[in-house]
Asks: 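Sending over a structure as structure tokens; questions will come in a sec.
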Amino acid sequence: MTDQPGRDREQRLPIPRPPSETAPADRFSAPPAAHDVSLTPERAAGIVRQSGNARWVGFLATLVVVLFVIIYYFYELGVPGIAGTSRLEKEGEAQYVTDVERGYNIYEANCARCHGEQGQGGIGPVLNDQMKLFVHLNEEYLRTVLYAGGRYVCGNADSIMPLWDSRTGGPLNYQQINELIAFLRATNEHEYIIRDPATLEPILDQAGKVRTFTGWRDPDFRPAPGATPVPACWTDAFATPKPSGSPGPTTTPGASGTPGPSQGTVVTIRAQNIAFLDQDIKAPAGQPFQISFENLDAGIPHNVDIKDQSGGDLFVGDIFSGVETRIYDIPALAAGTYPFICTVHPNMTGTITAE
Ligand code: HEC
């Protein structure tokens, strides 16, 4: 009803129209030639030519699509028999390389202080050992240790290795655990780039060269036949036979150092918190003496391992944990200095000076 007034107005004031003029009929029709539907030889030839061209265009278009599909197939999945040509594989590898590089940073920031920058061990057990990497340090085991913490390793509830997995309250999330494991299991065939953890830019050394690292695992490693398998609990590896020539220790578990009557000098070596409290020991040169070795750590196994100057073992004491003292007879040492370490924690060091 809204257009009612408009219509009214139109009715009231009719618009004057020009007189209608009839258009000539042939203005809208094709020229007479167009009405000629008979097939001249030229037209027939033209039609044949055109449809031939159209077929070619269709064929070429199909060919392009088919070739594209084939080429893309090989681009994506790789040319059979030629390694390293697959885009998917390359993508996967790039992702893996990123994981390993991030895992390296996570390791250096969290684990290196106990297990060594190269996994060579320290307060914590060695991790870069080929025998261990072959079976013992498999992905599932690593996952469990990071999830449950050091207590999982030997059942030691006082283990100093914390929990790492965020599901058990640790600091590392699911992805970081995956990256860490990718690094711990990485092989030594490839050079990875050390990157700034924040910017992911490569880190340069003083000479301006990009710093790199390699994984620890040798993929070609096979244990020698008859090799001792890695024990489930790492400290058991130290409990096996002592090097020949080292005297049997006189153990007096729990006793506080009572020197034997025949031995004059008793020197005390105490171990606590992954360090020897007594690092500079004096002993008489040229005569046997005794060592009273005290492990003051309830949960951490230690021993005393006296070396000669060339690094060979002169004496290796028992490895034990728990607050306990053991007395050992040490054969005479020639005048000189003798380094000693804890076999379990090789970065615990001290020196015996025989004079
Ligand atoms: C405070 C020192 C400390 C830190 C930090 C530490 N660990 Fe440990 N780790 C240990 C000790 C000690 C053990 C041995 C467990 C035990 O017997 O108590 C151990 C055991 C392990 C084991 C088992 C080794 C074996 O031979 O079975 C793995 C694997 C391991 N740690 C990985 C890691 C990783 C990965 C990190 C970093 C996220 C890490 N640790 C950080 C001290 C540490």
Side-chain angles (χ1 to χ4, degrees), residues 113-116 119-129 131-132 136-137 141 145 149-161 227-258 260 266-279 281 283 289-308 311-331 333 338-352:
R113 71 190 163 97
C114 288
H115 291 282
Q120 73 275 24
I123 296 172
V126 47
L127 297 179
N128 69 358
D129 176 73
M131 266 305 267
K132 268 196 181 185
H136 179 67
L137 296 179
Y141 176 75
V145 171
R151 68 179 61 199
Y152 179 73
V153 179
C154 296
N156 175 4
D158 295 328
S159 174
I160 53 168
M161 160 115 153
T228 343
V230 177
C233 168
W234 65 298
T235 49
D236 291 349
F238 302 107
T240 36
K242 313 226 151 36
S244 57
S246 70
T250 338
T251 50
T252 46
S256 55
T258 31
V266 179
V267 295
T268 301
I269 299 179
R270 289 161 303 160
Q272 187 175 35
N273 286 335
I274 327 292
F276 290 116
L277 298 184
D278 310 288
Q279 294 181 337
I281 310 297
F289 61 100
Q290 287 188 321
I291 286 180
S292 161
F293 178 69
E294 300 175 25
N295 183 352
L296 302 174
D297 286 319
I300 308 173
H302 296 302
N303 77 337
V304 56
D305 177 352
I306 304 173
K307 306 274 189 192
D308 58 18
D313 287 321
L314 285 178
F315 170 82
V316 184
D318 304 327
I319 296 173
F320 60 93
S321 58
V323 185
E324 190 178 318
T325 303
R326 295 190 185 184
I327 312 280
Y328 303 111
D329 291 322
I330 309 295
L333 298 176
Y338 299 86
F340 64 91
I341 63 166
C342 164
T343 314
V344 182
H345 308 104
N347 54 353
M348 289 172 61
T349 54
T351 321
I352 296 178

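Side-chain atoms are counted along with the backbone in the values below, which use heavy atoms only and exclude waters and symmetry mates.
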Asks: Students often mix this up, so state it plainly: with edges at 30° and 60°, are the rings of F293 and Y328 parallel, tilted or perpendicular?
Replies: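 Plane angle between 30° and 60°, so tilted.
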Asks: Does K307 use its side chain to pair, donor to acceptor, with the backbone of I341 at less than 3.5 Å?
Replies: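 No.
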Asks: Are the side chains of D318 and N303 in touch, meaning some heavy atoms are under 4.5 Å apart?
Replies: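 No. Closest side-chain heavy atoms not under 4.5 Å.
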Asks: If the condition is ring-ring contact (aromatic ring centres under 6.0 Å, His included), which residues does H115 pass it with, not counting sequence neighbours?
Replies: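 Expected list: none.
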Asks: Please give me the minimum heavy-atom distance between D158 and N156, naming the atom from each residue.
Replies: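 In this case the closest contact between D158 and N156 is N-OD1, 2.9 Å.
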Asks: Could you report the tightest heavy-atom contact between Y338 and D308, atom names first, then the distance?
Replies: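 Result for this residue pair: CD2-CA, 4.2 Å.
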Asks: Taking the side chain as everything from C-beta on, heavy atoms only, tell me whether V344 gets closer than 4.5 Å to W234.
Replies: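 V344 vs W234: side chains touch.
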Asks: Would you indicate whether the side-chain heavy atoms of C154 and T235 approach each other to under 4.5 Å?
Replies: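 Yes - at least one pair of side-chain heavy atoms lies under 4.5 Å apart.
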Asks: Atom CD1 in I123, atom CG in N347: separation rounded to 0.5 Å?
Replies: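 Output value for this atom pair is 6.0 Å.
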Asks: Any donor and acceptor pair, going by atom type alone, linking the side chain of N273 with main-chain N or O of A275 inside 3.5 Å?
Replies: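 Checked: no pair found.
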Asks: Which heavy-atom pair separates P231 from D236 by the least distance, and what is that distance?
Replies: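 In terms of heavy atoms, the two residues are closest at CB-CB, 3.7 Å.
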Asks: I need the minimum non-hydrogen distance between G122 and P346, along with the two atoms involved.
Replies: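 Residues G122 and P346, closest heavy atoms: O-CD, 4.0 Å.
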Asks: Any chance you could measure F340, atom CZ, to I291, atom CD1, to the nearest 0.5 Å?
Replies: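 Answer for the CZ-CD1 pair, F340 versus I291, is 7.5 Å.
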Asks: Are M161 and V145 close enough, and set up right, to give a side chain to side chain contact (heavy atoms under 4.5 Å, CB included), and what steps lead you there?
Replies: CA-CA 9 Å; M161 160 115 153; V145 171; 3.5 Å; yes
Asks: Check for a donor-acceptor pair, side chain of N295 on one end and backbone N or O of I300 on the other, with a separation under 3.5 Å.
Replies: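 A pair under 3.5 Å: yes.
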Asks: Going from CG on L333 to CD1 on I352, what distance comes out if it is rounded to the nearest 0.5 angstrom?
Replies: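 Between L333 CG and I352 CD1, I get 6.5 Å after rounding to 0.5 Å.
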Asks: Roughly how far apart are I306 CD1 and L314 CG, rounded to 0.5 Å?
Replies: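 Spacing of CD1 (I306) from CG (L314) equals 7.0 Å.
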Asks: Using the salt bridge (Lys or Arg N to Asp or Glu O under 4.0 Å) criterion, which residues pair with D297? Sequence neighbours excluded.
Replies: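 None.
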Asks: Judged by atom type as modelled, is there a donor-acceptor pair below 3.5 Å linking the side chain of D278 to the main-chain atoms of R270?
Replies: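 Here the side-chain-to-backbone pair exists.
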Asks: Ignoring hydrogens, what is the shortest heavy-atom contact between H345 and P301? Give both atom names and the distance.
Replies: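 For H345 versus P301, the nearest heavy atoms are CE1-O, 3.0 Å.
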Asks: Looking only at heavy atoms, which two atoms of A227 and M131 are closest? And how far apart?
Replies: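 Result for this residue pair: CB-CE, 4.0 Å.
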Asks: How many angstroms lie between CE in M348 and CD in Q279, if you round to the nearest 0.5 Å?
Replies: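 CD of Q279 is found 9.0 Å from CE of M348.
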Asks: When rounded to the nearest 0.5 angstrom, what distance separates NE2 in H302 from CD1 in I274?
Replies: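 Those atoms lie 4.5 Å apart.
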Asks: Look at atom OH of Y141 and say whether more than 12 heavy atoms of other residues, nucleotides or ligands are closer to it than 6.0 Å.
Replies: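 Yes - once you tally the heavy atoms of other residues, nucleotides and ligands closer than 6.0 Å, there are more than 12.
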